[in-house]
Amino acid sequence: MSSCCGFPLIESVYCLACARWAWKKFLYTAGNESENWGLASAAEFEPVPRICRYILAVYEDDLRNPVWAPPGGYGINPDWIVLRRNYEETQGRVSPYMIYLDQVNADIVLAIRGLNLAKESDYLVLLDDKLGQTKFNGGYVHSGILKAAQWVLAKESVVLKELIERNPNYTLTFAGHSLGAGVVALLAMLVTQNHENLGNIERKRIRCFAIAPARCISLNLAVRYADVINSVVLQDDFLPRTTMALEFVFKSLFW
């Protein structure tokens, strides 16, 4: 009799433990991992507003006749745009992007737009991942976002190499928002690892500005590439603060 009475108690304890685990999972944010990190200096943050305008410019269909330009415009000379790729040209492998030769700031910029809520191909890239599936340089990376970065590098390596060789004093900047931010982060890592394929560009000339990036690399890689990748997150922005564990919960519920 006493053993039978014990089963409901055990069940209750088990259910409470599961509920506590789920509650902690849903409340935990990725920001907990960086809450004690130092703040960026004014000099480090200075390029961010300009880079954000470049990324926003990718959303426009015609930069000579912009529809959504912010006050003051995008700060872009349309004649300095090297190329643009739309969804049709990227075949859904990656969000649209452009390469811009910034002759004012001596910068070669590859900017990728963010997640398009109306494009299934963007969701497929974001959800193409399994925890601990893809190893990279001693850490782990997001599988689908890595494939997107590899596609961009394979597609544009010749153009980037020519620009780097013609402009030896220019920096090479990768910039992106949301899903595009994850792609440029991995793109910067790929270029840093394989710099000999882009005219042996020095690591100090490679920069990445990931605006509200999707979670795509393990913490050890984030620390290792901290001199290259600048992650910009506004307070509790949902996507960059979502852990990989929560991403899989959402994936199982809604996909």
Side-chain angles (χ1 to χ4, degrees), residues 28-60 68-76 94-100 102 104-105 107-117 122 125-126 139 141-142 145-146 148-149 152 171-192 203-244 246-247:
Y28 182 84
T29 67
N32 294 341
E33 296 176 356
S34 59
E35 61 184 354
N36 295 318
W37 291 16
L39 298 176
S41 67
E44 289 171 328
F45 191 78
E46 183 273 330
V48 172
R50 170 172 54 86
I51 294 298
C52 286
R53 289 174 183 264
Y54 293 170
I55 298 168
L56 287 173
V58 183
Y59 289 73
E60 293 278 3
W68 304 290
Y74 293 110
I76 280 182
V94 67
S95 303
Y97 60 89
M98 74 171 180
I99 296 178
Y100 179 65
D102 185 352
V104 173
N105 296 286
D107 201 6
I108 302 162
V109 182
L110 192 156
I112 304 180
R113 65 157 285 166
L115 177 74
N116 186 336
L117 297 177
D122 280 6
V125 171
L126 184 61
V141 298
H142 188 290
I145 294 178
L146 176 62
V152 174
T171 50
L172 175 61
T173 298
F174 298 102
H177 169 240
S178 184
L179 176 61
V183 176
V184 294
L186 285 171
L187 192 51
M189 290 165 59
L190 287 170
V191 170
T192 302
R203 183 181 179 117
K204 64 182 180 181
R205 289 173 57 199
I206 303 170
R207 302 186 304 172
C208 172
F209 290 92
I211 313 299
R215 294 270 285 181
C216 58
I217 62 177
S218 54
L219 184 59
N220 64 326
L221 291 178
V223 172
R224 191 176 306 163
Y225 287 91
D227 61 317
V228 175
I229 301 171
N230 301 277
S231 178
V232 183
V233 180
L234 178 61
Q235 296 176 347
D236 294 324
D237 194 355
F238 174 75
L239 186 60
R241 296 302 192 188
T242 302
T243 62
M244 294 301 294
L246 279 180
E247 181 185 317

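Put simply, the side chain of Y59 gets close to the backbone of G114: a donor and an acceptor are under 3.5 Å apart. With hydrogens and angles disregarded, no donor-acceptor distance shorter than 3.5 Å links the side chain of H177 to the backbone of A212.
Under 4.0 Å is where a charged nitrogen must lie from a carboxylate oxygen, and between D227 and R203 at least one such pair does.
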Test log, rule side-chain contact (heavy atoms from CB on, under 4.5 Å), inputs L221 and L219: CA-CA 5 Å; L221 291 178; L219 184 59; over 6 Å; no
Run N230 and E44 through side-chain contact (heavy atoms from CB on, under 4.5 Å) and show every step you take. CA-CA 9 Å; N230 301 277; E44 289 171 328; 5.6 Å; no
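Contact detail for P213 and V232: the closest heavy-atom pair is CD-O, 4.1 Å. For the residue pair I55 and R113, the shortest heavy atom distance occurs at CG2-CA, 4.5 Å. Considering every non-hydrogen atom in both V228 and I206, the closest pair reads CG1-O, 3.7 Å.
To the nearest 0.5 Å, atoms CH2 (W68) and CG (L56) are separated by 11.0 Å. Considering OG1 of T171 and CZ of R207, their distance stands at 4.5 Å, rounded to 0.5 Å. Rounding to the nearest 0.5 Å gives a distance of 6.0 Å between CG of L146 and CG of L190. Between L179 atom CG and S95 atom OG the span is 4.5 Å, to the nearest 0.5 Å.
Looking at D107 and Y100, their side chains never bring a donor and an acceptor atom within 3.5 Å of each other.
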